[in-house]
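Everything numeric here is computed off the predicted structure, so don't read it as measured data. Side-chain atoms are counted along with the backbone in the values below, which use heavy atoms only and exclude waters and symmetry mates.
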Amino acid sequence: MKSLVAVILFAGTFIQTLNLEAKVTVAFLQVRNYHGKIVQLEPGGQFAHMAISYKGMWLHARPVKGVELVSTEKLSQIGVIQEQIELSDIEELDENKVAKFMGKPFDGAYSWNDDAIYCSELVAKLLGLRPTPMTFDSALWPPEYQALSGKLGLSPDDIYKILSHR
């Protein structure tokens with residue numbers, strides 16, 4: 001009987017140890033255009049893409065593919081992971097929340113509805129972050145995006161600022 005209790009206690013400790021290592025991490029990527037210039041979504045911005053860890057992989061949203069789960073190698077084909085922030089207060093993302101977004105198309109209109117999703121919207125919604133009015137700087141964005149200024153949303157740089165000051 002004592003050996004059975006010891007095995008159960010050991011197994012419980014082992015599982016707890018595994019869970020402690022399964023923290024959620026948010027990756028912020030620097031992306032370069034065809035000319036090698038850093039893509040900025042806002043003046044002085046560092047990050048043009050982001051992803052969040054889920055079950056040992058990265059969950060993100062991108063044009064053409066929409067919301068998908070990829071390896072670090074695949075994510076690195078988009079850009080360089082410049083920063084990672086570990087969220088020690090979250091052990092793993094809620095499966096039901098993730099399932100709600102899996103396979104959704106990419107949202108090139110940068111709206112805050114759930115019909116289509118962009119990368120920072122996905123991360124923000126999974127983490128429960130509130131959107132703020134956006135600005136689409138005319139020096140960085142084509143004219144058709146100017147009408148979106150003032151609508152609610154978050155950029156990768158916005159989320160980096162929020163999570164850096166937690």
Heavy-atom donor-acceptor pair, [X] side chain to [Y] backbone, under 3.5 Å:
{"X": "Asp157", "Y": "Gln46", "result": "yes"}
{"X": "Ser120", "Y": "Leu154", "result": "yes"}
{"X": "Glu86", "Y": "Thr25", "result": "no"}

Asp114/Lys104 salt bridge by N-O under 4.0 Å criterion: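 A salt bridge is absent here (no side-chain N lies under 4.0 Å from a carboxylate O).
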Hydrophobic cluster membership, Ile159 vs Leu140, 4.5 Å side-chain cutoff: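 Yes: a chain of side-chain contacts under 4.5 Å links Ile159 to Leu140.
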Joint cluster assignment, Ile38 & Tyr160, ILVMFWY side-chain distance < 4.5 Å: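 No, it is not one cluster - the side chains of Ile38 and Tyr160 are not joined through contacts under 4.5 Å.
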Quick check: closest heavy atoms across [X] and [Y], and the distance to 0.1 Å?
{"X": "Asn33", "Y": "His35", "answer": "OD1-N, 2.9 Å"}
{"X": "Pro43", "Y": "Asp137", "answer": "CG-OD2, 3.5 Å"}
{"X": "Lys23", "Y": "Ser88", "answer": "NZ-O, 3.3 Å"}
{"X": "Ala61", "Y": "Leu122", "answer": "N-CD2, 4.1 Å"}

Test item: Ser138 and Gln146 side chains (from C-beta on) under 4.5 Å apart, heavy atoms: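 Sidechains of Gln146 and Ser138: in contact.
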If you round to the nearest 0.5 Å, how far is [atom2] of [Y] from [atom1] of [X]?
{"X": "Ile85", "Y": "Met50", "atom1": "CD1", "atom2": "CE", "answer": "8.0 Å"}
{"X": "Ser111", "Y": "Glu121", "atom1": "OG", "atom2": "CD", "answer": "6.0 Å"}
{"X": "Ile52", "Y": "Leu69", "atom1": "CD1", "atom2": "CG", "answer": "11.5 Å"}
{"X": "Asn113", "Y": "Leu152", "atom1": "CG", "atom2": "CG", "answer": "12.0 Å"}
{"X": "Leu127", "Y": "Ile162", "atom1": "CG", "atom2": "CD1", "answer": "9.5 Å"}

Among Arg62, His60, Gln30, side-chain hydrogen bond (donor to acceptor under 3.5 Å, both in side chains) partner for His49: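 With His49 as partner, Arg62, His60, Gln30 yield a single side-chain hydrogen bond (donor to acceptor under 3.5 Å, both in side chains), made by His60.
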Pair Trp58, Thr72: side-chain N/O donor-acceptor within cut-off below 3.5 Å: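 Looking only at side-chain atoms, Thr72 and Trp58 do form a donor-acceptor pair, the distance falling under 3.5 Å.
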Partner of Val24 under side chain to side chain contact (heavy atoms under 4.5 Å, CB included), chosen from Val123, Leu126, Leu87: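 Looking at Val123, Leu126, Leu87, the match for Val24 under the side chain to side chain contact (heavy atoms under 4.5 Å, CB included) is Leu87.
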Aromatic ring pairing Phe136/Trp141, orientation class (parallel under 30°, perpendicular over 60°, tilted between):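 Judged by the thresholds at 30° and 60°, the geometry between Phe136 and Trp141 is perpendicular.
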